[in-house]
Every structure is written in structure tokens, then in C-alpha cells.
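Working notes, structure below.
Not measured: the values here are computed from a predicted model. Just so we're on the same page: letters track the sequence lines, and every chain starts at 1.
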Amino acid sequence: MMKYDFTAIEKKWQARWLEEKPFTAVNGDTTREKFFGLIEFPYPSGQGLHVGHARPFTAMDIICRKKRMQGYNVLFPIGYDAFGLPTENYAVQHKIHPAKVTHDNVENFRRQLHMLGYSFDWDREVNTTDPDYYKWTQWIFLQMFKKGLAYKASMPVNWCTSCKIVLANEEVVEGVCERCGGEVIRKEKAQWMLAITKYADRLIDDLEDVDFINRVKIQQRNWIGRSEGTEVDFTATNGDRLTVYTTRCDTLFGVTYMVISPEHPYLEQWKDQIQNWDEVSAYQAEAARKSDFERGELNKEKTGVRLQGIEAVNPANGRHVPLFVSDYVLMGYGTGIVMGVPGHDQRDWDFATAFGLPIVEVVQGGDITREAFVLKDDTGIMVNSGFLNGMTVKEAIPAMKEHVTKEGYGRPKTNFKLRDWVFSRQRYWGEPIPLVHCEKCGWVPLPEDQLPLLLPEVESYEVTDTGESPLAKMTDWVNTTCPCCGGPAQRETDTMPQWAGSSWYFLRYMDPHNDKALASKEALNYWSPVDWYNGGMEHTTLHLLYSRFWHKFLYDIGVVPTREPYGKRTSHGMILGEGGEKMSKSRGNVVNPNDIVAQYGADTMRLYIMFVGDFEQAAIWSTEAVKGSKRFLDRVWNLAENARDSTDPTPANEAILHRTIKKVTGDIDSLKMNTAIAAMMTAVNELTANGVTKGDMKILIQLLNPFAPHITEELWERFGFAAESGKMCCQSDWPVYDESKTVASSVEFAVQVNGKLKGTVTMPTDSSEQAVADAAMAVDKVQKATAGMKVVKTIFVRNRLINLIVKPQ
RNA sequence: GCCGGUGUGAUGGAAUUGGUAGACGUAGCGGAUUCAAAAUCCGCCGCCAGCGAUGGCGUGUGGGUUCGAGUCCCACCACCGGCACCA
């Protein structure tokens with residue numbers, strides 16, 4: 001008997017696939033239905049591919065291989081999201097050009113991806129750092145700029161006081177610099193922004209039309225954070241307008257004070273009118289020194305200062321209430337001013353209690369001496385609220401909204417938690433922003449025929465002392481002429497964030513070599529949208545949202561044919577280390593797929609990573625348990641070697657095979673790869689007991705092919721099927737089951753007495769209730785349990801169970 | 001605090017969606033084969049009591065609905081992930 005030599009077999013087929021390209025997607029093929037399966041393209045890190053990549057990649061490879069065998073024209077592409085900080089840091093440390101680092105890392109990734117037998121269309125590989133690629137990233141940015149969606153604004157950034165550089169949020173760990181441990185403060189800096197908030201409504205509403213797993217939809221909705229409320233104009237005693245945003249306009253009569261954010265520009269304007277300005281400005285300074293981190297940490301304890309000399313007037317009842325400055329009011333949400341309703345908002349209650357302010361009840365039902373009463377349901381009735389008295393909160397909100405609108409001191413208003421996207425990075429290894437600043441003309445876009453704007457060579461990739469990008473030191477590059485007036489001008493030296501290139505890469509896969517457009521109209525029309533996109537939950541609120549935003553913009557300007565980029569989104573769980581902890585270098589529990597492939601082969605690796613657990617749930621890696629998958633493949637190999645030389649199926653195996661076809665086909669579509677494999681294991685165990693023909697094996701290896709493509713392709717060839725019809729992966733004959741053949745001739749019925757299991761009886765399939773009842777009564781334990789009893793009722797479930805309900809006679 | 005998710009043998013996990021809990025693996029135990037080991041094959045493998053037939057208990061906890069609950073309802077507990085003074 002020949003041993004299953006996985007090393008030789010896998011090498012052989014990987015070389016054949018590379019040469020013969022059986023996985024090439026065909027643009028515009030209308031004879032077949034298209035299927036675009038997408039995985040999140042990897043960041044080519046120096047550590048190479050890890051088992052965390054193998055899980056989603058293998059799953060989508062299985063889906064795509066099966067789709068091909070079902071006759072689809074499948075696009076399953078791969079690329080590299082290669083701009084980014086780790087590469088830049090490595091380049092700085094080792095004085096190697098980041099492009100060189102990227103190139104080497106990509107080669108390593110490519111080798112590993114081949115090693116695992118993925119059926120990518122290698123002719124469509126993309127790389128975000130390739131100028132032919134980022135030309136179009138820049139082009140999209142320019143279209144956004146032209147439509148007014150890109151603008152420059154002063155934003156607080158993380159500034160490391162020791163390194164003197166701007167840090168990304170990910171580089172700030174518990175308030176200090178990740179690299180040097182230095183103090184990080186907030187510093188105002190002008191940054192390019194993208195107005196994603198203009199798409200907030202559509203980003204929520206269009207979730208209705210896509211097939212995303214629910215937790216992704218929920219997380220995106222929460223992140224965008226739409227809230228429907230009311231703006232109400234209060235008046236300051238100095239005449240200025242104090243507009244607040246509230247979702248509870250019904251409580252307007254319960255306002256006993258107001259609060260303004262320490263960052264609010266009014267304070268500076270009111271400097272001379274505020275009698276205790278020293279105290280107020282000291283409070284402002286203190287708030288500014290606190291990082292976001294601290295401000296969040298110190299939550300519950302309310303601090304603030306009452307403004308002396310200015311009060312607020314409630315438009316609903318004309319009452320004067322005191323005005324405070326307090327850092328619990330955020331400048332970034334609403335209007336930066338809030339009305340204080342301590343009776344019905346816990347934060348306001350805390351503040352009012354700390355400052356001894358009156359607490360007025362306007363909704364009945366709680367005990368406002370102990371805590372705020374915040375319920376919004378029908379249990380509360382309005383009191384102390386003029387014309388609202390007697391209404392429920394549910395009635396009072398729309399009534400008040402209408403009232404303030406009619407009276408002219410308020411209006412309905414929708415607010416979002418979503419902020420505009422900070423799009424600038426003061427870094428080298430990113431796409432240059434193709435804009436030029438001219439004294440006369442302002443910010444001017446580079447003409448499109450000058451794209452791509454190449455990243456220039458620099459001597460050092462270190463950021464400058466002032467926190468500017470390394471590009472700022474390249475005066476030859478920075479100084480240019482204005483495309484508009486021809487006068488002297490400077491280039492923007494910020495680069496784009498890593499999210500830019502990944503916001504549209506799936507479009508480039510559709511037509512990756514096009515130099516006239518990001519992709520041709522034909523290719524976009526044919527392949528759009530992505531049919532199935534699987535990726536990590538950690539990308540839900542960034543990459544996934546950003547790319548939906550870009551896609552909607554491209555739809556608006558007529559570039560892409562669909563409103564949404566992805567038809568279906570699923571998400572995989574993490575692979576944890578042996579101890580159940582996250583895999584990391586510092587814990588020393590990282591598993592390298594190279595080692596597993598060397599020891600057991602790629603087919604075993606693929607099988608195990610799918611068998612390890614529920615795909616959507618986190619799973620714990622066990623190198624020990626990998627053996628089980630290898631043993632299974634050994635058994636398949638043995639079974640094949642002992643197959644009788646007949647292409648006829650064996651009658652005894654018919655039901656087994658049809659059941660397995662049904663189970664595997666359904667399970668792949670619902671991502672239950674673990675139970676699909678278990679079903680194939682069961683089938684192999686049963687087939688081994690019965691003995692098989694080549695005909696039986698044909699079906700088995702077809703089902704197994706998406707999971708273990710090398711061994712099955714080899715067996716296919718050895719059985720002589722390849723001589724008849726070519727490679728297995730190119731066949732459009734995924735096995736089809738016949739429902740009537742999946743049922744066995746007899747089934748085991750559970751026999752219960754009063755719901756307690758007493759035994760089983762094996763009876764012909766579809767036996768009648770009477771027949772099963774008779775057989776059940778013959779069971780020893782049933783006789784014991786029913787002795788002296790009367791059967792009052794029988795519950796019968798077809799092909800499942802019979803339950804006898806008995807009572808004493 | 002809010003929003004998601006999860007809780008099942010020693011262990012990873014199954015369970016036709018309310019119908020025989022523990023499929024399929026891993027580990028373990030016993031046996032075969034071997035000079036020996038590995039590999040392979042056969043058998044056992046939820047817990048408690050019992051030599052045994054057998055009986056009792058059992059899906060995080062406590063209640064409920066039902067002929068029947070891992071699955072549905074109510075109230076809790078623990079862990080994981082996300083957000084967090086969002087007015």
C-alpha cells in the first residue's frame with residue numbers, strides 16, 4: 001500500500017495550478033452566473049501569514065471552490081494593504097526603504113498563500129502601494145475634494161511631548177506614548193477631513209437592503225448613533241442665543257440651570273461680562289490639560305463653575321436660571337450647551353446635587369429625591385409643565401416639538417455620534433495627498449493627468465521636530481507651481497491614512513490593469529456588487545463603514561452601478577492560543593502555519609482550521625488535535641486504495657452519500673464548515689465498514705475537494721477521472737442529492753413514558769403510530785412503567801418518538 | 001452604565017430549531033500487532049451509587065410554560081468583545 005505523501009502531492013498540484021491557471025475569472029462571461037467572493041486583503045507584515053489569516057481565507061476558498069464546481073464564474077482575488085506604520089517604523093529602524101520592506105514581505109506572503117493551496121486569481125493581484133493603484137486612490141480623493149467632501153479643519157491630535165511627534169490613536173496606550181512612554185497631550189493641528197457625516201443617514205438606512213450578519217448592522221448603527229431630537233433656543237441675559245439640543249423637549253419646564261462646554265467660543269467672547277473670569281478661565285485651562293482618557297475616567301464626579309453676571313432665560317416659561325461651565329458637556333456633540341433637567345437626567349441630577357441646585361419634577365412616577373426619573377414609556381405623566389400637564393411622555397415629546405417650532409424658538413433636529421473622518425497623517429509611507437496650496441488660489445487640486453503624484457525619495461523617514469511629515473523636508477518637492485495661476489505654491493505634505501487604499505480595493509480587482517479608469521464600466525457592471533465579503537468584527541466601524549461611504553460617493557458621481565459595495569457580510573471568530581489567550585509574540589503562543597504544513601500538509605491544515613469550532617465564534621488552537629484531521633485524510637487515502645474498480649455506486653452506500661451531499665452542500669453555504677467535515681468523517685467511517693467502489697469515491701472526493709484540494713485532485717487523477725474530463729477543480733458537476741435517497745429504510749424511535757425515556761424501538765421508516773405504540777409496549781421497561789396504569793394519551797412524532805402518557809387506574 | 005456575544009463531559013465542540021443531550025475529533029483507559037517504539041486496528045469512555053441487572057442526577061443559577069426544554073418565557077450570575085458624561 002502506498003503511503004499518502006502529502007508533500008509531493010501538494011507540491012505537484014500547486015505547481016500545476018500556478019502554470020495552468022484554472023482559477024482565472026472571466027470578465028463579462030454571460031453564459032455563467034458570476035460570484036465575487038472577497039476576503040480582507042492582508043497587511044503584509046514582517047511576521048508573515050499566521051493561522052488567524054488561514055481561518056477566513058480557507059473558508060472563502062472553500063466557498064469559491066464549491067461555487068466553481070457548481071458552474072459559477074468565480075472571482076476570488078487577493079492583494080496587499082501595504083501602506084502603514086509598522087513598515088515605516090521598520091524602515092526607520094533598519095534604514096531600508098519601506099518599498100523594499102513591502103516588496104520582501106509581499107513575496108513571503110505570496111509564497112505562504114500558495115503553500116496553503118488557495119484558489120486565488122493571481123493575475124488580479126493588487127498592492128495599495130503600487131503607483132498604478134494609488135493613482136486611483138488619489139483620483140477618488142480629488143473627486144471628493146471637488147464635491148466639497150474633503151476640507152481642512154483644525155483638530156486636536158495626540159502629541160507626544162517627548163518624541164515631539166503626532167501619534168495615531170493606536171499608538172497612545174493609557175494616555176502615554178506607546179514607544180517612549182512620554183506624556184501625550186492634545187494639540188490643535190490643521191488636518192484634512194472627509195465629510196462622512198453627510199452620508200450618515202444613508203449609511204444607516206441602506207443597511208436594510210444588505211445581507212449583513214446582525215451584529216455588524218447593530219454595531220454600525222450604534223457607531224453612527226443617530227438620535228432624533230429638538231433644538232431649543234434659550235437666551236442669555238446679555239442677548240446672545242443659547243441653542244441646546246435635547247431628545248427630551250418634554251422636560252423643558254424642568255430646566256433649573258444650564259451648562260456650557262469649557263471649549264465653547266462664547267466664553268472668550270464673554271470675557272469682560274463674566275465677573276468671575278479668573279475662576280472660569282482657570283477651569284478652562286484645567287479641562288484642556290486633561291486628556292480624553294482622564295476626562296472619561298473621572299466620569300461621575302461633576303465639577304464646574306457658575307458664571308457670575310450672565311444667566312439664561314427659558315423660552316418656555318420665561319424663568320431665569322443660572323449658567324455654568326462644566327466639562328461634562330462635550331463641544332463635539334450637539335451645540336456645546338445643554339439644558340439641565342436634574343429631575344429626569346442622571347448626569348444633570350448628579351450635577352445639581354453637587355451644586356445644591358433645585359430639582360423639579362415634570363414627569364410623575366419616580367422618586368426624584370433619590371435619583372433622576374428617566375423612563376420614556378407610558379408610565380410617566382407630565383406635571384408642572386403648563387399645557388403639557390396630563391400627557392404621557394410619549395405624547396408630550398411630539399406636542400412640545402410642534403409647539404416650539406410654531407413659537408419659533410425651536411426646531412426638530414437629528415444628531416449623530418459619528419464624526420467626520422480625520423484623513424491626514426504626518427507620515428511618509430502613505431498616499432501623497434494630491435493638492436497644492438497657493439497664496440492666491442488657496443487649495444488647488446492637481447490636474448488628473450498628473451496623477452499619480454509619486455511619493456518622493458527622502459533621506460530619512462523620521463517625522464520632523466514640528467510633527468510634520470518627512471515629506472516636509474523635501475523642499476524641492478514641496479515647492480511647486482500653482483496649477484491654477486502658475487505662481488509659486490506648496491504641496492500638501494500630509495499623506496493619507498491606511499484606510500484609504502482599502503476603501504475601494506475590491507473595485508480594482510474587477511479590472512486591475514486598467515490605466516484609463518479605476519475599472520472599466522463593463523467590468524464594474526458585470527462584477528458588482530461583491531457577493532460575499534467575510535472579515536473581522538474589528539473592521540466593522542472603520543474599514544467596513546469607510547468603504548461603504550466611498551462606494552456611495554462613487555455611486556453618486558456615476559462611477560459604480562450599485563449603492564452598496566457588498567451584498568453579504570459575515571464575520572469569523574478569532575483563533576486563540578493554546579491557553580485560550582490572544583496569540584501574540586510576547587505570550588509566545590503564536591502558531592506558524594509553515595510548521596503545520598511542513599509536518600502535516602496544507603490539506604490537513606485547511607481541514608483542521610475549519611474543524612476547530614464554530615466559524616463565527618472564537619476558537620482555541622490545539623496543535624495536538626491537528627492529528628485528527630491528518631488521520632481522516634489517511635483514512636480517505638486508504639479507502640481510495642481499496643476501492644473496487646467499478647464506476648457504479650454501491651447500493652448500500654447510497655443513503656450515506658446522499659445524506660452527506662445534502663449536509664456538506666448546505667453547511668458550506670451557511671459557514672458550518674465544522675459540521676460539514678464531521679459529516680464527511682462519519683461517511684468515511686461508514687463507507688470503510690461497507691467497502692466502496694470508484695463510483696462512491698468520486699462523490700466523496702468531490703465533496704472533500706473544496707476543503708482538501710490537493711489530495712482529492714490527486715485521487716481524481718489516479719482514478720482516471722482526469723483522463724476523461726480534466727482537472728477536478730474545473731468540473732461543473734458538484735454532486736446533487738436526491739431527497740428520497742437520503743432516508744434510511746428503518747429508524748430508531750425514542751420511547752417515553754410520561755416524557756421519560758424508557759428505551760428505543762427500531763421500526764421501518766414512516767411506521768404508523770399504532771405500529772410504533774405496539775412495539776413500544778413490548779419494551780421491558782415500558783411494561784414496568786405502565787404496569788397498573790392506564791394510557792390516557794399518546795404523543796407521536798413521525799420517525800422520531802412516541803410518548804405514552806399514563807395515569808394510575 | 002449601555003449594546004452585542006457566550007456559558008454543554010477531562011477537552012474542542014454537535015444537537016434536524018421544542019422531540020433519544022454529548023454527533024465528529026483530541027486526550028485517557030483496555031486489547032491486538034511489534035524485539036521495542038511510533039504508526040495502525042478493535043473495544044470502553046457524562047457524573048454518583050451498585051459486583052450486577054439497574055436506579056438516581058445531569059447543558060452557568062433559581063423559577064415558569066409544556067406530554068416533553070440545552071432550545072421558549074421571567075429573574076439572576078460569570079466570562080469575552082464593543083461603546084461610554086452623546087444631552
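A:W349 has its CH2 atom 17 Å from the P atom of B:rG1, to the nearest Å. Rounded to an integer number of Å, the gap from A:L687 CG to B:rC24 P is 14 Å. In this structure, the CD1 atom of A:I677 is 15 Å from the P atom of B:rC24, given to the nearest Å. One atom, CG of A:L801, and another, P of B:rU66, lie 19 Å apart when rounded to the nearest Å. Spacing between atom CG of A:N638 and atom P of B:rC41 amounts to 8 Å, rounded to whole angstrom units. Across the protein-nucleic acid pair, A:H572 atom NE2 and B:rG81 atom C1' stand 14 Å apart, rounded to whole Å. Across the protein-nucleic acid pair, A:F324 atom CZ and B:rA87 atom P stand 22 Å apart, rounded to whole Å. In this structure, CG of A:N754 is placed 13 Å from C1' of B:rU66, rounded to the nearest angstrom.
At the heavy-atom level, A:K781 lies under 4.0 Å from the strands shown only through sugar-phosphate atoms. Within 4.0 Å (heavy atoms only), A:E616 reaches no atom of the nucleic acid at all. Heavy atoms of A:N674 sit under 4.0 angstrom from primed sugar atoms or phosphate atoms, though from no base atom. Residue contacts for A:D614: at a heavy-atom cut-off of 4.0 Å it reaches the sugar-phosphate backbone alone, with no base atom in range. Within the nucleic acid shown, A:A679 has no heavy atom closer than 4.0 Å to any nucleic acid atom. Using a 4.0 Å heavy-atom criterion, one finds that A:N803 contacts the bases of the nucleic acid, with or without backbone contacts as well. Residue contacts for A:T246: at a heavy-atom cut-off of 4.0 Å it reaches the sugar-phosphate backbone alone, with no base atom in range. As judged by a 4.0 angstrom heavy-atom cut-off over every strand, A:V338 is placed among the base-contacting residues.
The nucleotide whose nearest atom lies closest to any side-chain atom of A:T675 is, among B:rA87, B:rA14, B:rA27, B:rA14. For A:Q617, the listed nucleotide lying nearest its side chain is B:rU6; candidates were B:rC3, B:rC67, B:rU6. The A:K302 side chain lies nearest to B:rC85 when the options are B:rA87, B:rU26, B:rC85. Out of B:rA87, B:rU20, B:rG25, the shortest distance to the side chain of A:S227 is found at B:rA87. Checking B:rA23, B:rG25, B:rA87 against every side-chain atom of A:A678, the shortest atom distance belongs to B:rA23. For A:Y245, the side-chain atoms get nearest to B:rA87 when compared with the rest of B:rA87, B:rC3, B:rC24. Residue A:R215 places its side chain closer to B:rG4 than to any other of B:rG4, B:rC85, B:rC67.
Under the Watson-Crick and G-U wobble criteria, each requiring two contacts below 3.5 Å, nucleotide B:rU40 is paired to B:rA32. In a base pair of the Watson-Crick type (N1 to N3 plus N6-O4 or O6-N4) or a G-U wobble (N1-O2 and O6-N3), with each distance short of 3.5 Å, B:rA49 is matched with B:rU54. Pair check for B:rG4 finds B:rC80; Watson-Crick or G-U wobble, both atom distances under 3.5 Å. As the counterpart of B:rC85, no nucleotide is assigned, since no Watson-Crick or G-U wobble pattern has both distances under 3.5 Å. Nucleotide B:rG25: paired with B:rU11 (Watson-Crick or G-U wobble, both distances less than 3.5 Å). In a base pair of the Watson-Crick type (N1 to N3 plus N6-O4 or O6-N4) or a G-U wobble (N1-O2 and O6-N3), with each distance short of 3.5 Å, B:rU20 is matched with no nucleotide.
Contact annotation: A:K756 does not reach the phosphate of B:rG56 (side-chain N/O to OP1 or OP2, under 4.0 Å). Close to B:rA23, at under 4.0 Å from its OP1 or OP2, lies no side-chain N or O of A:K663. Residue A:R635 has a polar side-chain atom (N or O) positioned under 4.0 Å from OP1 or OP2 of B:rG25. Within the 4.0 Å cut-off from OP1 or OP2 of B:rC24, not a single side-chain nitrogen or oxygen of A:N685 is found. For the OP1/OP2 pair of B:rA87 and a distance below 4.0 Å, the side-chain nitrogens and oxygens of A:Y333 include at least one atom meeting the criterion. Put simply, A:R631 has a side-chain N or O that comes within less than 4.0 Å of OP1 or OP2 on B:rA27.
Using a 4.5 Å heavy-atom cutoff, the side chains of A:I337 and A:T243 are not in contact. Residues A:D201 and A:R226 are in side-chain contact: their nearest non-hydrogen atoms beyond the backbone lie under 4.5 Å apart.
Scanning atom types as modelled, one donor and one acceptor separated by under 3.5 angstrom connect the side chain of A:E748 and the base of B:rU20. Not a single donor-acceptor pair, N or O on each side, falls under 3.5 Å between the base of B:rC83 and the side chain of A:K417.
Side chains of A:H572 and A:E616: no donor on one and acceptor on the other come within 3.5 Å.
If A:A625 and A:D634 are placed on RNA chain B by their nearest nucleotide, the residue sitting closer to the 5' end is A:A625. The nearest heavy atom of RNA chain B to A:V797 and to A:F615 marks one nucleotide each, and the one closer to the 5' end goes with A:F615.
Between B:rG9 and B:rC44, the distance separating the two C1' atoms is 15 Å to the nearest Å.
Considering all non-hydrogen atoms of both residues, A:K302 and A:F355 come closest at O-CE1, 4.2 Å.
A side-chain donor-acceptor contact under 3.5 Å links A:D603 to the backbone of A:I711. Distance alone, capped at 3.5 Å, is enough to place a donor-acceptor pair between the A:N589 side chain and the A:S584 backbone. With A:S670 contributing its side chain and A:G666 its backbone, the two residues share a donor-acceptor pair below 3.5 Å.
Heavy atoms of other residues, nucleotides or ligands lying less than 6.0 angstrom from CG of A:D738 number more than 12.
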